[in-house]
Amino acid sequence: MVYLSLTGVLFVLGLHGLFTARNLLRRLLSLNILTTSVFLLFVVMARLAEPLDNVPHAIVLTGIVITVSTTAVALALVVRIAGRMREEDVGAAADTRGDVE
Amino acid sequence: MIPETAGPVILFSLPLAAAITVFIRPRWSVPVTLGASGVLLAAAVWVVGVVLQQGAWRHDIGGWTAPLGIGWNVDGLSAALLLLTAAVGLAGAVFHASRPAPLATVRDPRFFWPLWLFLWGGLNALFLAADLFNVYVALELVSIASVGLIGLAGGSAQAAAWRYLLATLLGSTIYLFGVALLYGRYAALDLALLTDGVERDGVTAVAAALMTLGLLLKAAVFPLHFWLPAAHGRAPPAVSAVLSAVVIAAGYYLLVRLWFGPFAPLLGTGVATLLGLLGAAAVLWGGLLALLQRRLKMLIAYSTVSQFGYGLLVFPLAAAGAAHPAWTGAVTLVLAHGLAKAALFLAAGAIVLRHGIDRLEALGGDQRGATLAWVAFAIASASLVGLPPTGGFLGKWWLAQAALATGGYFWLAILMVGTGFTAAYLWRALQAAVRPGREAGIDPATLSAALGLAALSLALSAAALGLAAPVLGVLLDAGPGAPG
């Protein structure tokens, strides 16, 4: 039960961060927290099942691999955007809404 | 006799194999991609043929059956979308390969082709997937490839790619949350198993709501469409074409799969009306904004928001009792939209190359080098508006039949008003062609005719879809997804 509520807390925390953070990296981290909450939910489901269920573990493992890849892509994009904003016009980048701090 | 599974196996593995080959040997990229595209189109046609002949089938990979193993599901709906993907994929590849090299706006030519093929492979995997988690994996593959392709255009496209990345990852995470709840409740992920076992209770309702929300975000349904116009308007033309035509349709495909599959018992009037109202709002809002755009590609991008609104009208009409005509109509409309929209984006790409700018008022004047593209634009517009005998007309006709049969005059009115909007904004775009313009852009002689031809072949397919009505009807009826 504790873990189930933790799932909810992490989910809300991640959502909140994603919508309020201005910093690109913070938004990415919020998204990762969101994903982690879903993984936690899967693990809790596995623990609650009678007998213990191992399919959610496989799912979470796959999910972690996917999250690593998406995070890598996102980071590559952040590096490009940040680099471009540093060397070029900061004004044109204002519509990204996330800014480098 | 080749076994029926050869088609899906090719559709699944060839794009991935070709993507890796092209990444290792960039010099071979164009011939390998075009060759693979041809084979993929043939395989998709073949899969459609098999479905027409013997109906839907399911393939359990390695002989492992449902609860433990994973399966592929091929029915009329997935076969039709596989064919759409192949048609758009081939035309897009031809278009991209024949762009004049020095003007290419794509910054990293080395990465375009592998990402293109990965996107294609992801889409094929998605349309074949028979369980909720495989769908998630395929969705993420599609997202990553799309983000890369949008970002390749450089400049402001990177910001658009970033927003798209956040939106799409948020969408899939919310979707996965729903999947986790569903798994906790039923200990199954397979669509067919879930369809048999789902009951109406709180957990299922929450899961359905979350999964729907995630997919609505991915399908850019009003009011969750905020990320679409920038991403689709700023990407390279071939990428815009596949994103608008197929990637958005993938989100819609899953919505239909879920609500006419596992969640069918939950599809009460309330939920259906809510989805329908979202669709209606998308039709009107997208249409209005498309009318106000000053850039050709942005106009087409907003049109996507508007057109997918029609797709959601299937839910209220189906809940009112006209499931069959509404379903067939909506899917036909999505297919016709896919072909026509891809044609529009490719044509716009060729036109913008010719004039060097995509502001509507600058597109007039001398049209040498872009004539074919304008012809394609006009034919695709006719299908999008729904002039007979195009595919767009067929879809709208079936939807209208469903609305009339159930007395859904409100939905019929939305259909009509939306058509008016579509005609208006496409007319605005076509008007730009005949106005006197300034002389700019590049020498028409450097523009390959293949650019216009790629767009034209898609536009003609969209028009021909209307003539294929009987075949299409039979095809879409094949499978457990089709309501009786």
Side-chain angles (χ1 to χ4, degrees), chain A residues 4 7-8 11 14-15 18-19 21 24 27-28 30-50 53-56 58-60 62-63 65-67 69-74 76-85 88-89 92-98, chain B residues 67-68 70 107-108 111 115 131-134 136-141 143-148 150-152 154-190 203 207 210 214 226 230 234:
Chain A
L4 264 184
T7 301
F11 192 80
L15 267 187
L18 189 62
F19 285 112
L24 299 186
R27 293 184 126 187
L28 183 57
S30 311
L31 200 59
N32 280 350
I33 291 177
L34 199 65
T35 320
T36 309
S37 79
V38 178
F39 293 161
L40 186 61
L41 180 61
F42 267 113
V43 175
V44 172
M45 294 296 178
R47 185 68 186 78
L48 290 178
E50 200 59 52
D53 189 354
N54 48 18
V55 173
I59 290 177
V60 169
T62 318
V65 173
I66 293 175
T67 312
S69 332
T70 50
T71 309
V73 172
L77 205 56
V78 168
V79 169
R80 295 264 184 120
I81 293 175
R84 193 170 60 85
M85 288 209 289
E88 286 176 29
D89 46 345
D95 71 326
T96 60
R97 298 204 294 162
Chain B
L68 197 57
I70 51 180
R107 192 179 275 174
D108 298 323
F111 297 123
L115 284 173
D131 73 87
L132 294 174
F133 188 69
N134 264 8
Y136 168 75
V137 175
L139 276 176
E140 292 295 56
L141 196 58
S143 308
I144 293 183
S146 314
V147 167
I150 298 171
L152 277 181
S156 60
Q158 284 173 357
W162 170 254
R163 266 211 242 174
Y164 173 65
L165 177 75
L166 288 185
T168 191
L169 288 186
L170 179 61
S172 22
T173 308
I174 296 176
Y175 167 86
L176 192 64
F177 202 94
V179 173
L181 288 177
L182 219 52
Y183 185 83
R185 173 74 179 76
Y186 299 104
L189 288 171
D190 190 84
V203 179
L210 285 170
F226 56 90
R234 288 184 186 149

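Letters go in sequence order (proteins before strands), and every chain restarts at 1.
The distance from atom CZ of A:Phe42 to atom CG of B:Leu176, rounded to the nearest 0.5 Å, is 4.5 Å. Between the OH atom of B:Tyr183 and the CG atom of A:Leu41 there is a distance of 12.5 Å, given to the nearest 0.5 Å. Annotation: the span from A:Thr62 atom OG1 to B:Tyr136 atom OH amounts to 9.5 Å, rounded to 0.5 Å. In this structure, the separation between CZ on A:Phe11 and CG on B:Leu210 is 6.0 Å, given to the nearest 0.5 Å.
Residues A:Ala74 and B:Trp162 approach most closely at O-CZ3, 3.9 Å, considering heavy atoms. The two residues A:Ile81 and B:Gln158 make their nearest non-hydrogen contact at CD1-O, 3.6 Å. Looking at every heavy atom in both residues, A:Thr70 comes nearest to B:Leu169 through CG2-CD2, 3.7 Å.
B:Leu170 has its side chain within reach of A:Phe19: a pair of non-hydrogen atoms, C-beta onward, lies under 4.5 Å apart.
In this structure, the portion of A:Leu77 lying under 4.5 Å from any heavy atom of chain B is its side chain and not its backbone. For B:Leu181, the parts lying under 4.5 angstrom from a heavy atom of chain A are both the backbone and the side chain. With a threshold of 4.5 angstrom between heavy atoms, A:Leu48 does not approach chain B through any atom at all. Only the side chain of B:Phe133 has a heavy atom closer than 4.5 Å to any heavy atom of chain A. The contact between A:Ser69 and chain B is made by backbone and side chain atoms together, counting heavy-atom distances below 4.5 Å. Of the atoms belonging to A:Ile59, heavy atoms from both backbone and side chain fall under 4.5 Å from chain B.
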